[in-house]
Amino acid sequence: MGLLERLRKEWFILGIILVITAAKLQPSIGEKGGPLKPEITITYIAVSAIFFNSGLSLKTEELTSALMHVKLHLFVQVFTLVFFPTAIWFFLQVLSLTPINEWLLKGLQTVSCMPPPVSSAVILTKAVGGNEAAAIFNSAFGSFLGIVVTPMLLLLFLGSSSSVPFTSIFSQLFMTVVVPLIIGQIVRRYIKDWLERKKPPFGAISSCVLLMIIYTTFCDTFSNPNIDLDTFSLVVIVFIIFFIQLAFMLLTFLFSTSKNSGFTPADTVAIVFCSTHKSLTLGIPMLKIVFAGYEHLSLISVPLLIYHPAQILLGSVLVPTIKSWMLSRQKALKLTRQPKVPL
């Protein structure tokens, strides 16, 4: 039973491995111009479906309660969308001197430009017992911000593929990201009670569509004979990703627990997860739009495909440690606040 439960939880990671293997075995099915016609089914239909789904599932009505905690939101968004990409850019100036594959390094930069994910940071904050409302707000608000900020960051740090002009990138982002998201939110208002009652598996639906996008991206790679990926680069990138996550989790932890930060232990939990997690659901479709026509698109997306399971794995492992820290810290704060009984 334990194994079955584990497989049920990790089905998406297994799915990524399966679709990449399938793409390697028969790349002609999902390549551009192939039977699946990814230039229409993926570029427009699949990406729109993901964001319509996000619009339906985003509980914006729950965000008002967390709205007042401006300092926390500002810290998370500035760390995620300003400090993170800038720090990685400096780090990559050093790594570019090494023999690591340059497209994987560019992929690390794209990871840094991504907004926080809609689900994993919230799930882990909830598991610890942290400030869940703040985690929900920052994940949702970050997703909305990311629609505008992430493409701009990608273009700023990496430029776009020469075949796609800026105007076409932003018009496609508007039509396949913004419009479906707004329509999803409008539809949600009318069928909110039904959604609350039935609880459709939004996460599973988005994940299935995402697997299709990953599959066609890798079909393009394996049908291109000019692309080669060395094992050394791949192994080093995995270690770098774990190092980045741990370093940034420690950094946000130290900052949010400093004397004058004004954050509670529950706030710290939300900050640590929301500031360091990156969205695969938003990331892959955006890379597909911004880097349309790039023959190295799949290599650029590899670090994001590694970062996603790594953040869930690392977060899950750290849940008990963070939980025990939070509870003991809360207990200590309670004791210090208790009025002293006069002798």
Side-chain angles (χ1 to χ4, degrees), residues 9-25 27 30-31 38 42-43 46-47 50 84-85 88 92 95 100-121 143 146 150 153-154 158 203-204 206-224 227-245 248 276-292 294-316:
K9 279 184 175 176
E10 309 299 340
W11 72 270
F12 181 63
I13 294 163
L14 291 171
I16 291 177
I17 297 162
L18 285 172
V19 295
I20 294 174
T21 309
K24 174 76 174 163
L25 295 172
E31 69 177 343
I42 300 299
T43 308
V47 175
I50 278 186
F84 204 130
I88 294 299
L92 291 182
L95 289 179
I100 301 168
N101 185 298
E102 65 162 315
W103 297 103
L104 288 181
L105 292 180
K106 283 180 192 285
L108 273 180
Q109 187 69 70
T110 66
V111 168
S112 72
C113 299
M114 294 303 151
V118 176
S119 57
S120 64
S143 300
T150 295
L153 287 172
L154 289 171
L158 296 158
S206 278
S207 297
C208 289
V209 180
L210 211 53
L211 288 175
M212 255 182 79
I213 296 173
I214 294 164
Y215 170 69
T216 56
T217 302
F218 277 85
C219 281
D220 270 346
T221 305
F222 295 128
S223 59
N224 185 342
I227 288 175
D228 62 313
L229 177 59
D230 57 302
T231 319
F232 164 76
S233 292
L234 200 57
V235 172
V236 172
I237 287 291
V238 171
F239 279 106
I240 289 170
I241 283 169
F242 275 100
F243 167 75
I244 289 169
Q245 282 191 23
F248 282 2
T276 56
H277 279 213
K278 294 290 183 179
S279 176
L280 183 73
T281 316
L282 280 161
I284 294 291
M286 279 201 181
L287 291 183
K288 199 91 179 154
I289 295 167
V290 178
F291 297 113
Y294 246 51
E295 63 171 7
H296 295 96
L297 171 64
S298 60
L299 289 189
I300 289 175
S301 60
V302 163
L304 188 56
L305 292 176
I306 297 168
Y307 198 97
H308 176 77
Q311 69 191 9
I312 294 167
L313 181 71
L314 203 58
S316 305

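For the numbers below, each heavy atom of this structure counts, side chains included, while hydrogens, waters and symmetry mates do not.
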Report summary line: In terms of heavy-atom contacts, V209 and A46 come closest through CG1-O, 3.3 Å

Report summary line: d(K106 NZ, N101 CG) to nearest 0.5 Å is 10.5 Å

Query raised in the report: Are more than 12 heavy atoms from other residues, nucleotides or ligands located less than 6.0 Å from atom CZ of F232?
Result: yes

Query raised in the report: Listed by chain and number, what are the side-chain hydrogen bond (donor to acceptor under 3.5 Å, both in side chains) partners of Q109, not counting sequence neighbours?
Result: S112

Report task. Could you check if a side-chain atom of I300 sits within less than 4.5 angstrom of a side-chain atom of L158, using non-hydrogen atoms only? Result -> no

Query raised in the report: Would you say the side chain of T110 lies within less than 4.5 Å of the side chain of L287, judging by non-hydrogen atoms?
Result: yes

Report task. Taking all non-hydrogen atoms of both residues into account, name the closest pair between G15 and L211 and its distance. Result -> C-CD2, 3.5 Å

**Report entry** Closest heavy-atom pair and its distance - L104, S233
**Finding:** CD1-CB, 3.7 Å

Report summary line: Of all heavy-atom pairs linking C219 and G30, the shortest is CB-C, 3.5 Å

Query raised in the report: Is the side chain of T150 donor-acceptor paired with the backbone N or O of M114 at a distance under 3.5 Å, no angle test?
Result: no

Query raised in the report: Excluding sequence neighbours, so at least two apart, what forms side-chain contact (heavy atoms from CB on, under 4.5 Å) with I312?
Result: S120, H308, S316

Report task. Evaluate the side-chain proximity of I306 to V111: yes if any heavy-atom separation is below 4.5 Å, no if none is. Result -> no

**Report entry** Partner set under side-chain hydrogen bond (donor to acceptor under 3.5 Å, both in side chains) for K278, not counting sequence neighbours
**Finding:** none

Requested in this report: Working to the nearest 0.5 Å, report the span between CE of M286 and CZ of F291.
Outcome: 12.0 Å

Report summary line: Between the CD1 atom in I20 and the CD1 atom in I214, the distance rounded to the nearest 0.5 Å is 7.0 Å

Report summary line: What one should report as the nearest heavy-atom pair of T276 and Q311 is O-OE1, 4.3 Å

Query - Identified side chain to side chain contact (heavy atoms under 4.5 Å, CB included) counterpart of P303 within the set I244, I240, L108, V238 - result: L108

Report summary line: CG of L299 to CG of L105, rounded to nearest 0.5 Å, is 11.0 Å

Query raised in the report: Can you find a heavy atom in the side chain of L305 that is under 4.5 Å from one in the side chain of I284?
Result: yes

Requested in this report: Hey, can you tell me if W103 and H296 have their rings parallel, tilted or perpendicular (30° and 60° cut-offs)?
Outcome: parallel

Query - Heavy-atom closest contact (L153 atom, P85 atom, distance) - result: CD1-CG, 4.2 Å

